[in-house]
Amino acid sequence: MEQINVVIAGPRGRMGKEAVELVQDTPQFALMSVIDHKGEANVDVPVFKDIKECFESSIPHVLIDLTTPEVGYHHTKTALEYGVRPVVGTTGFTQEELIELRQLAESKELGCIIAPNFAIGAVLMMKFSQMAAKYFEDIEIIELHHDQKLDAPSGTAVKTAEMIKEVREAKVQGHPDEKETLKGARGADIDGMHIHSVRLPGLIAHQQVMFGAEGQTLTIRHDSYNRASFMSGVKVSVETVMKLDTLVYGLENILE
Ligand SMILES: NC(=O)c1ccc[n+]([C@@H]2O[C@H](COP(=O)([O-])OP(=O)(O)OC[C@H]3O[C@@H](n4cnc5c(N)ncnc54)[C@H](O)[C@@H]3O)[C@@H](O)[C@H]2O)c1
Ligand SMILES: O=C(O)C1=N[C@H](C(=O)O)CCC1
């Protein structure tokens, strides 16, 4: 395999630090530079404050973005405009942004992977939930994350609901006359599925999908206990994005 030159945006972050280690430890990857808006990072490659400044200096094959929703969108769009293939773990993109980025990737015939969750176990949890939803139509999604997370609900919870929507008709869950006496008590709603976001120090990234039917419940749960759990997904994404000419949303679409 030819060497893949990589730039990482967000190298000082919890995920960014792990990604720097992954790229530096992978023989066929080369870390060219990093992007940090403060120009700070504990790495021995050039640090650029701005993505355009970075790409005007040299063009990598792949950008790994692990920043914030607004910055991640801007970086993904700019990367595609410069002919760079984005691998994006940043969550919180809107549907409109995803549609626009897909159109841009297709017009440029460039690979782009946006994965709300890079942990293989989380991808299986979503797939198993999609399977279960064919048999259990009443569903509550409970996602639990550390208290420094900026977006709610999590990208994983939204992706789970979207995957379930592919196999389940929309339905009103609970009592038809149900009323919230405290706003938010029933969580967010996608097609009648309720999503509850828990934020606590001590947590990393966890989700359980609960299914209920007459006389039984089924719970499918995944836990990430550290950020290394996401790195095999990042690695396979960097390798795969080089072979794609469109945008792929979700790791489940590239795993064998
Ligand atoms: N897909 C996955 O598997 C997965 C896993 C964990 C986290 N995430 C997502 O990844 C993102 C990062 O998570 P985190 O926990 O590492 O967050 P973090 O807050 O620890 O790191 C974000 C980093 O981005 C940097 N940043 C902000 N603006 C920037 C800019 N303009 N240019 C460059 N860097 C900038 C910040 O300085 C910070 O270091 C979040 O959106 C999170 O939801 C995804
Ligand atoms: O730590 C985070 O932030 C995470 N975000 C992802 C999400 O929004 O689904 C997944 C894993 C961790």
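None of these values were measured; they are calculated from a predicted model. For ligands, and for the atoms within them, numbers begin at 1 and follow the listed sequence.
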Query raised in the report: Near Ile35, which atoms of ligand 1 are under 4.0 Å from a heavy atom of that residue?
Result: 33 (C), 34 (N)
Query raised in the report: How far is atom 23 (C) of ligand 1 from its nearest protein heavy atom, and which residue and atom is that?
Result: Leu66 O, 3.8 Å
Report summary line: Nearest non-hydrogen protein atom to atom 9 (C) of ligand 1, with distance, is Gly89 O, 3.4 Å
**Report entry** Sub-4.5 Å side-chain heavy-atom contact between Asp65 and Val87
**Finding:** no
**Report entry** Residues, nucleotides or ligands: over 12 heavy atoms within 6.0 Å of Asp147 CG
**Finding:** yes
Report task. Enumerate the atoms of ligand 1 whose separation from the nearest heavy atom of Phe118 is less than 4.0 angstrom. Result -> 1 (N), 2 (C), 3 (O)
**Report entry** Atom indices of ligand 1, in the order listed, that fall short of 4.0 Å to a heavy atom of Pro116
**Finding:** 1 (N), 2 (C), 3 (O)
Query raised in the report: Of the protein's non-hydrogen atoms, which lies at the shortest distance from atom 18 (P) of ligand 1, and what is that distance?
Result: Arg14 NH2, 3.6 Å
**Report entry** Residue, atom name and distance, where the atom is the protein heavy atom closest to atom 43 (O) of ligand 1
**Finding:** Thr91 OG1, 2.6 Å
Query raised in the report: What do you reckon, does His75 put a non-hydrogen atom under 4.0 Å from ligand 1?
Result: yes
Requested in this report: Could you check atom 5 (N) of ligand 2 against the protein and tell me its nearest heavy-atom contact, residue, atom and distance included?
Outcome: Lys149 NZ, 3.0 Å
Query raised in the report: For ligand 1, which atoms have a heavy atom of Ala115 less than 4.0 angstrom away?
Result: 1 (N)
Query raised in the report: Mind checking whether Phe230 has a heavy atom under 4.0 Å from ligand 2?
Result: yes
Report summary line: Taking only non-hydrogen atoms of Asn117 and a 4.0 Å limit, the atoms of ligand 1 in range are 1 (N), 2 (C), 3 (O)
Report summary line: Rounding to 0.5 Å, atoms CD (Glu178) and OG1 (Thr181) come to a distance of 10.0 Å
Query raised in the report: Taking non-hydrogen atoms only, is Phe230 closer than 4.0 angstrom to ligand 1 via side chain, backbone, both or neither?
Result: side chain
Query raised in the report: Among protein heavy atoms, which sits nearest to atom 6 (C) of ligand 2, and what does the distance come to when rounded to 0.1 Å?
Result: Pro116 O, 3.5 Å
Query raised in the report: Which residue holds the protein heavy atom closest to atom 11 (C) of ligand 1, what is that atom called, and what is the gap in Å?
Result: Thr67 O, 3.3 Å
Report task. Report yes or no: does a heavy atom of Gly92 sit under 4.0 Å from some atom of ligand 1? Result -> no
Report task. Specify the protein heavy atom at minimum distance from atom 29 (C) of ligand 1: its residue, its atom name, and the distance to 0.1 Å. Result -> His37 ND1, 3.2 Å
Query raised in the report: What atoms of ligand 1 come within less than 4.0 Å of a heavy atom belonging to Lys149?
Result: 43 (O)
Query - Whether Lys17 lies under 4.0 Å from ligand 1, heavy atom - result: no
**Report entry** Closest candidate by heavy atom, reference atom 12 (C) of ligand 2, pool Ala205, Gly89, Ser154
**Finding:** Ala205
Query raised in the report: At what distance is the nearest protein heavy atom to atom 9 (O) of ligand 2, and which residue and atom is it?
Result: Thr156 OG1, 2.5 Å
Query raised in the report: Do Lys49 and Glu40 sit within salt-bridge range, that is, some charged N less than 4.0 Å from a carboxylate O?
Result: no
Requested in this report: May I ask you to test the Glu106-Leu247 pair for a side-chain heavy-atom distance under 4.5 Å?
Outcome: no
Query raised in the report: Counting from 1, what ligand 1 atoms have a heavy atom of Val71 closer than 4.0 Å?
Result: 28 (N), 29 (C), 30 (C), 31 (N)
Report task. Record the part of Gln148 in heavy-atom contact with ligand 1 below 4.0 Å; permitted values are side chain, backbone, both and neither. Result -> neither
Report task. Quick one: look up the protein heavy atom nearest atom 7 (C) of ligand 1 and list residue, atom name and how far away it is. Result -> Met15 CG, 3.5 Å
**Report entry** Atom indices of ligand 2 within 4.0 angstrom of Thr91 heavy atoms, with elements
**Finding:** 6 (C), 7 (C), 8 (O)
Requested in this report: Taking only heavy atoms of Arg12 into account, list the atoms of ligand 1 that are under 4.0 Å away from them.
Outcome: 37 (O), 39 (O)
N/O donor to acceptor pairs below 3.5 angstrom from side-chain atoms of residues 207-217, sequence neighbours left out:
from, atom 1, to, atom 2, distance (Å)
Gln207, OE1, Ala157, N, 3.3
Gln207, NE2, Thr160, OG1, 2.9
Gln208, OE1, Arg221, NH1, 2.8

Query raised in the report: Under 4.0 angstrom from ligand 2, any heavy atom of His146?
Result: yes
Query raised in the report: Charged N to carboxylate O under 4.0 angstrom, Glu143 versus Lys149?
Result: no
Query raised in the report: Is any side-chain heavy atom of Tyr73 closer than 4.5 Å to a side-chain heavy atom of Glu100?
Result: yes
Query - Nearest-contact summary for atom 21 (O) of ligand 1 - protein heavy atom, Å - result: Gly13 CA, 3.2 Å
